[in-house]
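Counting begins at 1 with the first residue of the sequence. Quantities reported herein were computed from a predicted structural model and do not represent experimental measurements. The basis for the numbers below is simple: all heavy atoms, side chains too, and nothing from hydrogens, waters or symmetry mates.
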Amino acid sequence: MPPLPPQAGREAGGRGPGDREPGRKQPRPAGGPARPGGPRSGGPRPVPAGRRPAPPQERPARTAGGLPNPRLTGLGGGLFSGVLMFAIGCLDQLLFGASLTVYSVLFLPVCLLTALWVRAGDLLSAPVVVPIAFAVGLLPVSEGGNGVGARLMGLVTALATQVGWLYAGTLVAAAAILARGLRRAAARRRTTHHR
């Protein structure tokens, strides 16, 4: 066979028109689409199927009316109600002469606040801590002598005479956490239904 002629446009030891020169970038064709997801693409990156962005965390610091709306743990709810009832007992001793009726009436809003402010994971702790707070607040209010036995007897007597208010406050806390639990269950069911 006769030898093939050399390719046109190639020089001896040179490069053809389509070859790249080392160290030189080829120009991008005008109007060409940019690579998706590249550093210069302005659009947001697509979310993979089956994965949803995490919802923003709840910030229940204040309600719509501007009132405080904290979230207490079970221990925090017990400390809140106990300290508040002890302060109410001291004020009752100073201002109203240790009136058990005033003390017991003020026990009801404390129970309601404790049940509303305890966090969702510790709802069942509210009806447990409010009776303890009631007994703690009775210490400065109950009548008794100077000895430990006399003070303990006065505390037991005050608990026995005010047991109706104690049950009423516990029922208020139980009703509040029941309403919150039903509301959470309805919201969870609605979210599942929309999915």
Please report the shortest heavy-atom distance between Leu138 and Leu155, naming the atom on each side.
CB-CD1, 3.5 Å
Over 12 non-hydrogen atoms of neighbours within 6.0 angstrom of CG in Leu124
no
Tabulate below the donor-acceptor pairs under 3.5 Å that side-chain atoms of residues 75-83 make, not counting sequence neighbours, or state none.
{"unit_1": "Ser81", "atom_1": "OG", "unit_2": "Gly77", "atom_2": "O", "d": "2.9"}
{"unit_1": "Ser81", "atom_1": "OG", "unit_2": "Gly78", "atom_2": "O", "d": "3.2"}

Using a 3.5 Å cut-off and no angle test, enumerate the donor-acceptor pairs between side-chain atoms of residues 161-168 and protein atoms at least two apart in sequence or in another chain.
{"unit_1": "Thr161", "atom_1": "OG1", "unit_2": "Thr157", "atom_2": "O", "d": "3.1"}
{"unit_1": "Thr161", "atom_1": "OG1", "unit_2": "Ala158", "atom_2": "O", "d": "3.0"}
{"unit_1": "Gln162", "atom_1": "OE1", "unit_2": "Ser104", "atom_2": "OG", "d": "2.9"}

Would you say the side chain of Met85 lies within less than 4.5 Å of the side chain of Val130, judging by non-hydrogen atoms?
no
Taking C-beta and beyond as the side chain, do Arg119 and Thr73 meet within less than 4.5 Å on heavy atoms?
yes
Within the 4.5 Å heavy-atom criterion, are Ile88 and Val141 side-chain neighbours or not?
no
Remaining members of hydrophobic cluster (4.5 Å side-chain criterion), Leu182:
Leu178
Kindly give the heavy-atom pair with the smallest separation between Pro140 and Gln93, and that separation in Å.
O-OE1, 3.0 Å
Give the minimum heavy-atom separation between Phe86 and Leu139, together with the two atoms involved.
CE1-CB, 4.5 Å
Closest non-hydrogen contact found for Pro131 with Pro127 is CD-O, 3.2 Å
One pair to check against side chain to side chain contact (heavy atoms under 4.5 Å, CB included): Arg180 and Val118. What are the steps and the verdict?
CA-CA 10 Å; Arg180 286 185 59 189; Val118 73; 3.8 Å; yes
Which pair of non-hydrogen atoms, one from Thr114 and one from Val110, has the smallest distance, and what is that distance?
OG1-O, 2.8 Å
Minimal heavy-atom distance between Gly154 and Ser142, with the atoms involved, is O-CB, 3.5 Å
Between Ser125 and Asp122, is there a donor-acceptor pair closer than 3.5 Å when you use the side chain of the first and the backbone of the second?
yes
Are Leu113 and Val172 grouped together when hydrophobic residues (ILVMFWY) are joined by side-chain heavy atoms under 4.5 angstrom apart?
yes
Going by the ring pair (Phe, Tyr, Trp, His ring centres under 6.0 Å) test, which pairs reach into residues 118-138, not counting sequence neighbours?
Tyr103-Phe134, Phe107-Phe134
Remaining members of Leu91's ILVMFWY cluster at a side-chain heavy-atom cut-off under 4.5 Å?
none
Do the side chains of Leu106 and Phe96 join up, straight or via other hydrophobic residues, at under 4.5 Å, putting them in one cluster?
yes
Cluster check Leu72, Leu84: I/L/V/M/F/W/Y, side chain < 4.5 angstrom:
yes
For Ala115, check side-chain contact (heavy atoms from CB on, under 4.5 Å) against everything at least two apart and list the hits.
Ala126, Ala173, Ala176, Ile177
Taking a hydrophobic cluster as the set of Ile, Leu, Val, Met, Phe, Trp and Tyr residues connected by side-chain heavy atoms closer than 4.5 Å, whether directly or through intermediates, do Leu159 and Val102 fall within one such cluster?
yes
